[in-house]
Amino acid sequence: MTLFDVNDFNRPGYVNNKKCPKCGVEANTNDEAIEIFGIMNIKGGAYIQSWCKECRKIKKKETGKSKEEGFFS
């Protein structure tokens, strides 16, 4: 289940170079970016996350904060 419609981002061949500033992992298409980074909904717009999912998991474990407590919001 998703919180919003992500179909606008599901363009398999669309080039979208994205690099995690923490670990350097890269995505080259929207599909890869969604898989590696995930997306967020801000004021009705869908945006690709800055950090990859793995780095966000590590940061969450280190700080013990959840999204509800202001983690990456």
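Model, not experiment: these values are computed from the prediction.
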Checklist entry - Is there a side chain to side chain contact (heavy atoms under 4.5 Å, CB included) between Lys18 and Ile48 once you walk through the steps? => result CA-CA 9 Å; Lys18 178 84 174 154; Ile48 296 173; 3.8 Å; yes
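A distance of 13.0 Å separates CD of Glu35 from CG of Asn30, quoted to the nearest 0.5 Å. Met40 contributes atom CE, which lies 5.0 Å from atom OG of Ser50 (distance to the nearest 0.5 angstrom). Atom CD1 in Ile39 sits 9.0 Å away from atom CD in Gln49 (nearest 0.5 Å). With rounding to the nearest 0.5 angstrom, the SG atom of Cys20 is 10.0 Å from the CD1 atom of Ile36.
Geometrically, Lys53 does not engage Phe37 in a cation-pi contact defined by less than 6.0 Å to the ring centre and at most 45° from the axis.
Remark: side-chain polar atoms of Glu32 are paired, donor with acceptor, to backbone N or O of Asn28 under 3.5 angstrom.
Tested against Lys59 for a side-chain contact (heavy atoms from CB on, under 4.5 Å), the candidates Lys57, Arg56, Glu62 yield a single pass: Glu62.
Between Lys22 and Cys55, the closest heavy-atom pair is CG-SG, 3.4 Å.
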